[in-house]
Amino acid sequence: MATRELQGPPGIIPLYAKAALPMIPGASALPFVPGSGKDVPDLELVLPEVTFDPAALAAYNRVCGFTLRDDVPSTYIHVLAFPLHMALMAEPNFPFGAVGLVHVNNTITQHRPVSVSETLSIKVTASKLRPHAKGKQFDMVAQAKAGRTIVWEGVSTYLRLGKGDPSAKKPKGEELADPPVSATWKLQGGLGRKYAAASGDRNPIHLYDLTAKPLGFNKAIIHGMWTKARCLAALESVLPEAYKVDVQFRKPIPLPSKVTFGEEITKDGIRFAVKNARKGTPHLDGTVVQVPAKKR
Amino acid sequence: MTPSVRRVAVIGGNRIPFARSNGPYAHASNSDMLAAALDGLIERYNLQGEKIGEMAAGAVLKHPRDRDLTREVVLGSKLAPETPAFDVQQACGTGLEAVILIANKIALGQIDSGIAGGVDTTSDAPLALNDDLREILLDANRTPDTAGRLKLLTRLRPGMVVPAIPANEEPRTGLSMGEHCAIMASEWGITREAQDALTIRSHDHLAAAYDRGWQDDLMTSYLGLERDQNLRPGSTLEKLGKLKPVFGGPEGTMTAANSTPLSDGASTVLLASEEWAKARNLPILAYITESQTAAVDFVHKREGLLMAPAYAMPTMLDRAGLTLQDFDVYEIHEAFAAQVLCTLAAWEDPVFCKERLGRDKPLGSIDTEKMNINGGSLAAGHPFAATGGRIVAGLAKELSDRGSGRGVISICAAAGQGVVAILESAGGAK
Amino acid sequence: MSQDLYTQIVNSPPGGFIAKRVGLPQPTTLDRYRPGQPLVSGTVLVGAAPGGRLAGAIAATLAAANAEVATTLDADLRSAAADAGLDASVFNPEAGGDRRFKALVFDATGISDSTELVELQKFFHPSVRKVQSSGRVVVLGTPPEDTKTPREHTAQRALEGFTRSLGKEIGKGSTVQLVYVAPGAEDLIGSTLRFFVSPKSAYVSGQVARVSAGLPVPADIDWEKPLAGKTALVTGASRGIGEAIIETLARDGANVVGLDIPQLGEDLKKVTDRLDGEAIELDITSDDAPKVIADFFKGRGVDIVVHNAGVTRDRTLAKMPEDRWQSVLDINLSSEERINDALLKAKAINAGGRIIGVSSMAGIAGNRGQTNYATSKAGVIGMVQSMAPVLAKSDITINAVAPGFIETQMTAAMPIAVREPGRRLNSMNQGGLPIDVAETIAWFASSGSTGLTGNVVRVCGQMLLGA
C-alpha cells in the first residue's frame, strides 16, 4: 500500500468542489476528477503531527454539548481525521464522488482518554468496496496514535446508492425494545451551519434548505456525526475510560427538529437511540461497550 | 438536642493551573473549568461513582445560564449523580466560604463527605443585555397587542446594542477594587518598594514550589497549561520599579505586577469526617478547626474596602483561644500586595486595634517568613472564587508535610467582606 | 464686615484671570468659623520629632474635637492616638496617594539639638504641598527658657525662624504658628490647639503663643460654649471690633456686659439687647469710672474684662498738643490700669478670670503720626507683661491681641495710599475682619485657656512690618 504524508490538514472546501464534480455528466472522464476507478485506491494518507487548538475544540464542544475538559471527546478526533476522508475520496482514481455518499455507520474505539495537550498522528485508509442491499459500501478506516500507541480508531461506513445486492442484507438480529427516553432535544434551524463551522464538514446538504435540495433533500439535515457526538455528550458522566461506540445512522434529521434521546445502561454496556419526537422515526441507534484501557 | 460536633478533615484538593484572562482558557466556561478541576479530584481520590454528601462551589462572574452551576458540573462528572450540590457566592471569599459551609455540615454530622470549590472566568465573562433594551423587551413581552409593541420599538436607540459588561467596581462607590486598595495603601502608608518586594517573593516561592514538585498532587493540567501562567520568577525591585502605577493616580504605588491580574481557573477541595476517610484509606492532611467571616461599612464609615479580614481574625482567635503569633504558617490572600501589607499594618497598629477592634493591645506582628511560603495570588493569579480552594488545599498539604503545626488563612472580598479560617495538621497543632 | 472689593473682584472668574495675567496679588477667600461646623473641615496630620512629650495631649485634643486625623508612622504617636481614642489613619509620604490635609500639627518638643531640626524638614517637606487652602500649621515646642541644656534652648529658639518663614511662603490663606508649651502645661494646650487648627484663627499667622502652667482645664468644658456661666465686660462694645467681640463672647456662652460712652448709648443698647446682655454707659476716663465699674460687679463678680475701647488722635509729634496726647494715653492705657486696679481691689474679678487688652501693630512696629497711639498700645503690651506674674497669684490671666489692618469704618476712611499697602502687605494679601480679632480674644477668654498668660498675639495676617 502506498503511503502519502500530508504537511497539514487539506482544505475541505476545494475537496468538496472536487468531490462534487463527478455529478456533472461525463466529468469523471477527466484525469483529475474522481470517479474513474473500479475500486477504492490502495492508499494511506497520514497526518503526522496533529495538535489540538483549544479554541476550535471549545467551539466544537459547545455546539455538541460537551464540557470542555482536558480530555477531548472521542468524536472530535474523527473531526481531525475527516479531511483525510475527503482527500482520499478526491483522488482521481476514487470510484465515485464524495457528494451523494451516505454515511450509514460509525464506530469509534477510544483505547484511552486523549488529553488536549497531546500530539497525535492520524492515518486514514479505505477498505475494499463491498456489496450492500441498496448499492455498494466501503469503510474509511482511521487510526490515531500517540507516539507508538494506538489510542483511537474510527471506522466510517459510506453507502453509494445504486444497484443493490439483496443477499448482502444483514440478518435481522434479536429485536430489542427501544431504550427509554431520557431527554428531548430541540435542534434549531441553523444547527447544521454551526456544526459545519465547528467541524469543518461543510457538505451543502447540512447548510441550507436551498443547498440541500439539489442533492435530494427537502430540508437541510444535521450531520450524523453531530448526532453521535450529542449522544456521547449526554452520556459523558457514564462513559468508561476506554470504550467502543458504534452507531447506525437511520433516517436523516431535517432541521429544525425535535427529537428524543433514549438510553439504557446495563452491565454489558449502554444502548441509546435518537428518534423523531412526534412520529418516532428512527434517526440513530447506538451502543457503547467497555474495552480494555491502555495506559496513558 | 444539641448536635455533636465532629472533626473535619481535609483530604486534599485539585485545581487546574490558573491562566491569565483571554489566555489558554479564553474559550472555557465556568462549568468547563470547574468540571476539569473536579475530574482531577475524582481521579486522585478514586471518587468515581461515589455519592458525596454534598458539593458547594461558586463563581463570582456567573452567567445567568449557569443556574445551579455546581449541580450541573456534578451531573456531568463521574461522581454519583445522587450527589447534591449548591452554588455559593461571596465575592473572592466564595471558595473559602464554600469550604466552611461543607465543613460545618460535616462537623454537625449532616454529611460525611463533601467537596468545596470555586471557579471564575474573566475571559468568558457574562455580558448582560443593555438594561434599557432589556426593559423595552420585557415591556414588549407584557404588551398584548402588536400596535403597542410597535410603539415600544420606537424607544429603541442605537446605543442600546452595547451590552452591559460586568464591571470590577463597587456599585456603591463607583471605585474599582484597585482604586479602593490604593486609598487603603495610602492611608496605611504602604510603600511601592514593600509591595514590589512582596510580589517578587510570591513569584519566587511559587516557582520554588513547582520546581520541587510540591504542586504535583494539587493540580492537573488543563488545555495545555501545566503551571500558573502568571508566574514570573526571578524579577527584581529594579525591574518592577519601572512599571507605571495603575491605581491611585500618577503618585500611586500599585502596579500591574503588585496587583493580581484578571485570571481564569478553578479549584476543588475534598473534605470528610475522620470515619469516612478511614473507611476509604484516605490519609488526612489537616483539620479545619475554626472559621469566621466579617464585613465592614466601607460606604459610610471610612473603612477600607478590603480590611474586613482584619476584623474577622481577632474574633476567630478569641474563640479559638489563640493569638496571632500562634501559627506556623500564614496564608494571606494577595489580592493586591498592598492589601496584605495593610492587613499586617492594621494588626500591628495600636490605633486600629483599639478604635476599630476594641482591643487594649494590638494583635501584633507576624513572622513574615512564615507567610505565603509556597507563593500567593500575586504569582498564581486570582480567579476570584477559585482562590479559597487553592489556599486550603495548599495549606493542608504544607501542614501535612510538616507533620504538625497550625496555619491560618485570611481572604479579603469585594463589598467589604473577609473570611478567615484555621487549619491544624493531622499530626497535631504542635 | 464683608470682604474688601479687591478681594471680591480677584475671586470672580474674570477678575482672577486679569489679576493672574498682570501679577496682582490674589488673596484667598479665608475660611471662617460658623457655629455648629466641625472644628476642622478636613484631615489633621500629626507628626512628631522623636522623644516629644505632647503626643498624648495633641491626640486627646483632636479626639475630643472629633477631628479626622492622620499620623506619621511613629510608634509613640500611634500609641498616643490609641490611648486617646483617636481613630487616626497613617500617612507615609512614600506611599503616594492623593492625600490632602487641612492642618499639620508637629510636636517639636523632642528636638534637643540643632542637628535634630532636620525633623522639621522631614515632616513638612512632603506634607506642606498637600495642605488645602486656609490650611493650618502648628508647631509645638518647649519655651527656650524652660529647656534643660543650652543646645536644646538654641534648637527650640530656632523653631521661630521656621514658622515665621513658612508662614510667608505657604500661601493660599494658610497660617503657621509656634506654640511653646512649658513642661507641666501639656494638658493645657487644648484651647490653643483648637484655636490654631480651626478657621477661628483665619487672620492670625506667624505668631508665637506660650502655654504655661495654670489651673487645670475644667473637665466638663463645653467647647461649643466655653464661656458658659461666665460674665464678660467689653468696653467700646457699641460698634466695630468691640461689637464683634461682645457678639463672639455671647456666642461662646458668656453673659455679656457692654460699655461705651453715653453718646453711643443708643447703639450700645441695641447690641446688648440683641445679646441678652447689660449695658453700662460710661466715659472710662471719668474720675468715678473705676468705682462705677467695680460697684457694678461687686458681689456678682466678672470673669472676663476686655479693654477694647480706644481712640486715635493722629498728628506728628511736632504738631501734637498735650491734650491730644493725653486723651489717647488716658483712654487707651491709663484708664485700663485704673479699672483693673479698682476691680482687683474690690475682688470683683473671679478666680480664673481673664483680662484681655487690645494693643496694635502700631504699638509693636511704630507708625508715623501715631506717637501717642503707639505709645499707648505699646503700654498695653507692657501692662500684659507686668501684670501677668502679679495676677497669676489670683489665678487671673492677662493677654492682649494686636490687630493689624482690620476692615472697619475707621480703615475705610483712610486715604487709599495708606489703606492699600496696609491691606496687602501681609501673608494673606488682605485685611482682617473684626471677627478675627474677636475670635482671638474669645480664645484668650476661653475657660480652657488657663495656661495662657502674658501673651500678645497679633491678628495681622502676618504683616510684613514689625517682628
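Per chain, numbering begins at 1; letters A, B, ... match sequence-line order.
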Self-check item: Heavy atoms of other groups near B/Gln325 CD, more than 12 under 6.0 Å
Solution: yes
Self-check item: Residues in residues 337-370 of chain B near chain C [non-hydrogen atoms, under 4.5 Å]
Solution: B/Asp349, B/Pro350, B/Val351, B/Lys354, B/Glu355, B/Arg356
Self-check item: Contacting region of C/Leu86 [heavy-atom separation from chain B under 4.5 Å]
Solution: backbone
Practice problem: Could you tell me which residues in residues 299-324 of chain B have at least one non-hydrogen atom under 4.5 Å from a non-hydrogen atom of chain C, sorted by residue number? | Solution: B/Arg302
Quiz item: For C/Ala70, is it the side chain, the backbone, both or neither that has a heavy atom under 4.5 Å from a heavy atom of chain B?
Solution: neither
Exercise. Step through the shown structure and confirm whether more than 12 heavy atoms of other residues, nucleotides or ligands are within 6.0 Å of CD on C/Gln37.
Key: yes
Practice problem: Using heavy atoms and a sub-4.5 Å threshold, report which of residues 197-207 of chain B line up against chain C, by residue number. | Solution: none
Quiz item: If you count heavy-atom pairs under 4.5 Å between each of B/Ala182, B/Gly189, B/Pro245 and chain C, which one has the most?
Solution: B/Gly189
Quiz item: Would you find more than 12 non-hydrogen atoms of other residues, nucleotides or ligands less than 6.0 Å from C/Asp87 atom CG?
Solution: yes
Quiz item: CH2 of B/Trp188 to CG of C/Asn92: how many Å apart, nearest 0.5 Å?
Solution: 12.5 Å
Practice problem: For chain B, find its close neighbours in residues 100-133 of chain C: heavy-atom separation under 4.5 Å, sorted by number, or none. | Solution: C/Lys130
